[in-house]
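First up is the structure itself, then whatever we jot down about it.
Here is the naming used below: chain letters follow the sequence lines, and residue numbers restart at 1 for every chain.
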Number of protein chains: 2
Amino acid sequence: MNNRQINILLVDDHAIVREGYRALLEKQPNMNIVAEASSGEEAYFLFKQYRPNLLIMDLSLPDQSGIETISRIKKYEPAANILVFTMHQNPLIASKAIQAGARGYITKNNLPAVLIQAIYDVHCGVMALSQDIEKAIALDSVAGPAVAIKELTVREFEILRLVVTAKSAAEIAEILNISPKTVANCHYLIKRKLGVSNDIELTHLAIKMQVIDPGECLQ
Amino acid sequence: MNNRQINILLVDDHAIVREGYRALLEKQPNMNIVAEASSGEEAYFLFKQYRPNLLIMDLSLPDQSGIETISRIKKYEPAANILVFTMHQNPLIASKAIQAGARGYITKNNLPAVLIQAIYDVHCGVMALSQDIEKAIALDSVAGPAVAIKELTVREFEILRLVVTAKSAAEIAEILNISPKTVANCHYLIKRKLGVSNDIELTHLAIKMQVIDPGECLQ
DNA sequence: TGGAAAACGGGTGTTTTGCCCGATTTTGTA
DNA sequence: TACAAAATCGGGCAAAACACCCGTTTTCCA
C-alpha cells in the first residue's frame, strides 16, 4: 500500500460523533474525510460514488444494518478496507463483523490515538483489533458459553438480530431484500441451531449473549 | 440567569465523542469546557472541584451510574444544571433521569444545533427535551404499556409471567390446571391488551415493565 | 477452477393464532 | 341478599405461521 493521502468515508449515525472524527482526523496530515454517511444505505451509495481508501463505520445504524452493510460493500468491492469503530464490546459482534469482511474492530472506549493507529494499520493491510476486543475474544473462545451462536452464519446472525428486536418476517424481508419465506426458513434454522423451541427463549438467549441489550427495542 | 460565559463539564466515556463536543462547543463564543470526565465517579469529583454552570452527560458510563451520578451531584448541589445527552431513546430512562434531577434530555440522534439550543435553554432554567423524547414520553404515558399492563386481570398477569419465561402452553396448562386452549386464548388476550403483535415484543415489554427482570433470564 | 458452504426460496402437512362465541364462576356493591 | 358486572374457562374455525423437507443458485476459498 502507498503512503499517500488516505481518503476516508465516515459512517456513524450520530452527528456529534462525526464532529469528533473530523476534529481528530483532520489533524492528521495525510487523512482526508471525503464523505459522511448516517445510515447503511447511504454508506453503500457513497462508497460507490467516492471509492474511498478506507471506511470507518459504527455498527449501530438507524437501519440496523451495520454488518449487513459491510457484506454489501465487500460484495461490491472485495478490496474495500473497512474499520469498525463502535461501542459494542461484544466479541460475537466483533467476530461477525470480521467474518463479514471488516479489517479492523476498535471500540469507542479506546483513546483517539488507538483509532489513528488502527487506520494506518488497516490502510497497510494489517488487521487491527483493540486490546479490549482481543481480550474479549480470547476469553470467549476459552470458556465461552456462546458456542452455538458462533455456528451461525453471518446472514443468520443478521437475521437473528432483526428477529429479536421484534421485527416481522415481512419487515425483515423488506430490509434485506429477500423473500419472507427465506426469512422464515432462516428463523427456523437459527432456532434449531441454538436449540431453543420458541421465540421467547430465543429473545432471552439473545439478551444473555448480548446480541441485543435489553431495552434496545424500546422506542 | 446571567448571559456570561457558560462553564461546562463534559461527561462521556468515549473520547471521540468528547472531541466532537469540543469541536462543536468551542465554536460558540460563550461556551467554555472547563473539564472532562469519563466516568460517574470522576464526574462527581470534578463537579465539586470546578463548580461548572452546566454539566453535559451521557448516561452509559463505565461504572453504569449515569442516573446515580445525577442524583449524587444534585444532592451535593441542588442547583446544578444537568443536561443529559445520550443515545437512549427510552422514555423510562428519560423520566428517571429527570426524576433524578436532570434539567434536559437530548438524544444523540439530534443535530448538533439541537444540543446547542438545549444548552442555552438549560442554562436559562428552561427544561430541554428533544422532540423524539417528547414524543416517546407522550406515547408512553398516554397509550403506553405501563397503563395497559395494569388493565390485565390477575389471571392474565399470572399467565403473562409464565409465558415470558418461555413456558409452553401445555406446561402452563399443567401448572394452572386449566385447558391449554384457555392458556392460548388468554395469551392472545394479553397480547391484544398490551398492543403487541408477537411474543418477542411481549418479552421485551415484560422486561421493560419488570414483570420479569433481565437477570431472571441471564443464565 | 472445482468443490464445499452459504444463501435463497418453493412445497406441504401440522400447529398455532386471532377472533368469535356462550357457559360458569367470582366479585363488588346497593 | 340480590344481581349486574367482571373474570374465568374453553369450544370452534378459518387464516396464518411453523417445522421440515427439498433443489437451485451464489459465494467463497484452497
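Here C:dG9 is the nucleotide among C:dG9, D:dC9, C:dA7 with the atom lying nearest to any side-chain atom of A:T182.
The environment of A:E26 atom CD is dense: over 12 non-hydrogen atoms of other residues, nucleotides or ligands sit within 6.0 angstrom.
Salt bridge status for B:R72 with B:E41: present, with a side-chain N to carboxylate O gap under 4.0 Å. Salt bridge present: A:K191 and A:D199 bring a charged side-chain N and a carboxylate O closer than 4.0 Å. Of the charged side-chain nitrogens involved, none lies within less than 4.0 Å of a carboxylate oxygen, so that B:E19 and B:R22 do not count as a salt-bridged pair. Using a 4.0 Å cut-off between charged side-chain N and carboxylate O, A:R18 and A:E36 make a salt bridge.
Note: CD1 (A:I172) to P (D:dC18) measures 10 Å, nearest angstrom. With rounding to whole Å, B:R155 atom CZ is found 14 Å from D:dA7 atom P. If you take CD1 of A:I178 and P of C:dA6, they are 16 Å apart, rounded to a whole angstrom. Summarising the geometry, the separation between CG on B:N177 and C1' on D:dC9 is reported as 13 Å, rounded to the nearest angstrom. In this entry the distance linking CD1 of B:I175 with P of D:dC9 reads 14 Å, nearest Å. The separation between A:Q99 atom CD and D:dC29 atom C1' is 14 Å, rounded to whole Å. For the pair A:R72 CZ and C:dA7 C1', the interatomic distance rounds to 16 Å; values are reported in whole Å. The nearest whole Å value for the distance from the CD atom in A:E68 to the P atom in C:dC8 is 8 Å.
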Heavy atoms under 4.0 Å is the rule here; annotate nucleotides 10-25 of chain C 5' to 3' with B where the base is hit, S where only the sugar-phosphate is, and - elsewhere. BBB-----BBS-----
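There is a side-chain donor-acceptor pair under 3.5 Å between A:T86 and A:D58. No donor-acceptor contact under 3.5 angstrom links the side chains of B:T182 and B:N185, judged on distance only.
Overall, the helix from C:dT1-D:dA30 to C:dA30-D:dT1 carries an axis bend of 50° between its ends, with five pairs at each end and the value rounded to 10°.
Side-chain atoms of A:K96 come within 3.5 Å of backbone N or O of A:L152 as a donor-acceptor pair.
Rounding to the nearest 0.5 Å places OG1 of A:T153 at 8.0 Å from CD1 of A:I159.
Note on A:T153: a side-chain N or O is less than 4.0 Å away from OP1 or OP2 of C:dA7.
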